[in-house]
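Reading through the structure tokens given below for one structure.
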Amino acid sequence: MIKIRGLDHVVLRTTQLPQMLHFYGDLLGCPVEREMPPAMGLTQLRAGSALIDLVTVDSELGRMGGGAPQQQGRNVDHFCLQVEPIAIDALRDYLTQAGVACLEDGERYGSDGFGLSLYVLDPEGNTVELRPPAG
């Protein structure tokens with residue numbers, strides 16, 4: 001059984017990075033914690049114990065999500081849930097046996113630093129990242 005600890009991060013795609021940084025950073029008080037090179041297109045802001053990741057759609061990461069967000073388009077790339085400690089292989093085995101589509105796992109940066117996580121698809125095809133505690 002998997003036990004959720006909380007939301008780790010949400011990834012928002014944007015064509016308006018300065019305005020998004022103003023909104024989340026200046027207005028809502030989420031400071032920039034980590035910035036990747038502009039070509040990669042990722043800026044991470046601290047939102048309490050979680051992160052808000054802003055990905056520019058014309059960047060390397062942003063192009064992976066398709067076209068720019070719009071009324072009928074996709075804006076949320078994925079969200080990440082923190083889970084209680086479990087080995088990634090055990091997590092993958094559990095979910096695969098339950099018929100869940102598991103994607104790639106790997107080391108990624110989340111709200112508690114670098115650690116392993118696993119991408120899966122929910123029944124609607126949304127990407128959900130499952131992340132045990134780092135360390």
Notebook entry, point to check: Just how far is it from atom CD1 of I88 to atom CG of L116, taken to the nearest 0.5 Å?
Noted result: 5.5 Å

Item checked: Shortest non-hydrogen contact from S111 toward D8 -> OG-OD2, 2.8 Å

Next item on the list: Can you tell me which residue pairs pass the side chain to side chain donor-acceptor pair (under 3.5 Å) test with a partner in residues 87-105, sequence neighbours excluded?
Entry: R92-D105

Check: Where do Q44 and H9 land on the side-chain hydrogen bond (donor to acceptor under 3.5 Å, both in side chains) test, with the steps shown first?
Finding: CA-CA 9 Å; Q44 296 178 297; H9 65 270; over 6 Å; no

Check: Under 4.5 Å between any side-chain heavy atoms of L54 and L17, yes or no?
Finding: yes

Note to self: Side chains of V32 and T43, heavy atoms from C-beta outward: is any pair under 4.5 Å?
What the structure shows: yes

Checklist line | Close side-chain approach of P132 and P85, heavy atoms under 4.5 Å | finding: no

Notebook entry, point to check: Got a second to check how far L21's CG is from Q16's CD, nearest 0.5 Å?
Noted result: 11.5 Å

Note to self: Distance check, rounded to the nearest 0.5 Å: D53 atom CG versus M36 atom CE?
What the structure shows: 10.5 Å

Checklist line | Minimum side-chain heavy-atom gap F79-L7 below 4.5 Å | finding: yes

Next item on the list: Just jot down the side chain to side chain donor-acceptor pair (under 3.5 Å) partners of Y109, sequence neighbours excluded, or say none.
Entry: E33

Margin query: Here's a test for you: under side-chain hydrogen bond (donor to acceptor under 3.5 Å, both in side chains), which of R108, E107, R131, Q82 qualifies with S117?
Written below: R108

Next item on the list: Tell me, with the steps shown, if L130 and V120 meet side chain to side chain contact (heavy atoms under 4.5 Å, CB included).
Entry: CA-CA 8 Å; L130 300 174; V120 301; 4.2 Å; yes

Next item on the list: For the pair T56 (side chain) and D58 (backbone), establish whether a donor and an acceptor sit closer than 3.5 Å, ignoring hydrogens and angles.
Entry: no

Check: Looking only at heavy atoms, what is the nearest atom pair of A39 and S59, with distance?
Finding: O-CB, 3.5 Å

Next item on the list: Measure the shortest side-chain to side-chain distance between L121 and T127 over non-hydrogen atoms and say whether it is less than 4.5 angstrom.
Entry: yes

Next item on the list: Determine whether I2 and L91 make a side-chain contact, defined as any pair of heavy atoms from C-beta on separated by less than 4.5 Å.
Entry: yes

Checklist line | Atom pair NZ/CD1 of K3 and I86 - distance to nearest 0.5 Å | finding: 11.0 Å

Margin query: Can you confirm whether I52 sits close enough to L12 that some side-chain heavy atom of one is under 4.5 Å from a side-chain heavy atom of the other?
Written below: yes

Notebook entry, point to check: Heavy-atom distance under 4.5 Å between the side chains of L95 and L118, does that happen here?
Noted result: yes

Next item on the list: Scan residues 19-48 for pairs that pass ring-ring contact (aromatic ring centres under 6.0 Å, His included), counting only residues two or more places apart or in two chains.
Entry: none

Note to self: As an exercise, state the distance from CG of L42 to CD of E60, rounded to the nearest 0.5 Å.
What the structure shows: 11.0 Å

